[in-house]
Amino acid sequence: MSKFFRFCFVGLIALSVNSVFAQQEDSFFDELGEVSTEIASNIPTSGPKEGLEPIEMVNPRADDIYWQKVVYRTIDLREKMNYPLYFPEEAQDNRQSFFTLMFRLIQEDKIKVYEYLDTREIFTDEHIVTFPDLVNKYELIHTIKADSLTNDSVIVVEESDIPNRDIVKFYVKEVWFFDKITSTFNVRIIAFCPIMVKETDLGIQKFPLFWIPFETLRPFLAQTEVLITDKNNGARPSFDDIFIKRRFSSYIYKESNIYNRNLIEYNTDAADVRKEQARVKTLLLNFENDLWEY
């Protein structure tokens, strides 16, 4: 009989512990049966992203890099695979577009961005683009308000005035390299450049806004979730997941070369450009394959 009472006692303790933990956890539904607004982004599977760190990547020694190739790509946000980077057009449901995230980080002075130059990328203080520079140069709708603490003038851009709809492309600079110590062939994104496409008196023009180093963005990308499919709203990776796992569509517009030219500068028509893109892509694939041939 004593064993029976001991069994019941242990069972009651287990039930009480489970109820305590259940009370501490956020519930998916509230007391009215609605999806709770207290949980992050109303999803049961991915969980909140606050405090998450970027996926750690090994930084190899320069002397260990046997081969490298710098490649420039264009991400077209009008392609279906890239929709998670473009939508939502205005922030909602704990989500925001890739450019909106950039824009707010620049506005809050949390990251540095650098001037876009036609011939090279220079990430030094002499080429920093400030938020007022960005707003004034591209004539973004804004208001000036006084900071409640310092009384300094602050530029305020409303959510609907962020030019997210005009950002339809991104340039991506990346480097492919072979590490002879680990015998691995890797690719690392170096920087992004958002492209604004606007209709002007001269017709439709594109304006590369600035370069932003990938590494400075990663802590914020890791904490920003993305809806990648309509079939499962619970499957929400972070922006960092998308770029590290290369879940985006792009095409090559330049490779590192002696003359520092884009593909279109030394090819006469679109067919020649596509052939050159295929050549660069094949070069990267063949290098890795050739490593293991005997």
Please tell me whether [X] and [Y] have a donor and an acceptor in their side chains that are separated by less than 3.5 angstrom.
| X | Y | value |
| --- | --- | --- |
| Asn186 | Thr184 | yes |
| Asn286 | Thr282 | no |
| Glu225 | Ser238 | no |
| Glu121 | Tyr72 | yes |

Return the orientation label for the [X] and [Y] ring planes: parallel under 30°, perpendicular over 60°, tilted otherwise.
| X | Y | value |
| --- | --- | --- |
| Trp211 | Tyr116 | parallel |
| Phe131 | Phe103 | perpendicular |
| Phe178 | Tyr66 | perpendicular |

Does any pair with a residue in residues 155-168 pass salt bridge (charged side-chain N to carboxylate O under 4.0 Å, His left out), and if so which ones, sequence neighbours excluded?
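Residue pairs with at least one partner in residues 155-168: Glu89-Arg165, Glu90-Arg165, Arg104-Glu159.
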
Between Glu174 and Arg73, does any side-chain N to carboxylate O distance fall below 4.0 Å?
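The answer is yes: the pair qualifies as a salt bridge.
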
Answer yes when Arg218 and Asp240 have at least one side-chain N-carboxylate O distance shorter than 4.0 Å, and no when they do not.
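Answer for the salt bridge query: yes.
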
May I ask you to decide if [Y]'s main-chain N or O and [X]'s side chain share a donor-acceptor pair within less than 3.5 Å?
| X | Y | value |
| --- | --- | --- |
| Asn267 | Asp269 | no |
| Lys69 | Ser256 | yes |
| Gln223 | Phe220 | no |
| Asp76 | Arg78 | yes |
| Asp241 | Lys245 | no |

How long is the straight-line distance from OG1 of Thr130 back to CD of Gln107, given to the nearest 0.5 Å?
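These two atoms lie 12.5 Å from each other.
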
Residues in ring pair (Phe, Tyr, Trp, His ring centres under 6.0 Å) contact with Phe243, at least two apart in sequence or another chain:
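With neighbours one apart ignored, the set is Phe98, Phe192, Phe248.
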
Salt bridge (Lys or Arg N to Asp or Glu O under 4.0 Å) with Arg279: which residues, sequence neighbours excluded?
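Salt bridge (Lys or Arg N to Asp or Glu O under 4.0 Å) check on Arg279 returns Glu255, Glu276.
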
Apply the test side-chain hydrogen bond (donor to acceptor under 3.5 Å, both in side chains) to residues Asn260 and Lys254: give CA-CA distance (whole Å), side-chain angles for both, the deciding distance (0.1 Å), then the verdict.
CA-CA 8 Å; Asn260 196 26; Lys254 180 182 176 181; 2.6 Å; yes

Under the criterion ring pair (Phe, Tyr, Trp, His ring centres under 6.0 Å), I'd like the reasoning laid out for Trp67 against Phe287: C-alpha separation, chi angles, the key distance, then a yes or no.
CA-CA 9 Å; Trp67 181 93; Phe287 179 84; 4.1 Å; yes

May I ask you to check whether Phe185 and Trp176 place their ring centres under 6.0 Å from each other?
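That pair passes the under 6.0 Å test.
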
Within a reach of under 6.0 Å around CG of Leu285, are more than 12 heavy atoms found that belong to other residues, nucleotides or ligands?
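Enclosed.
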
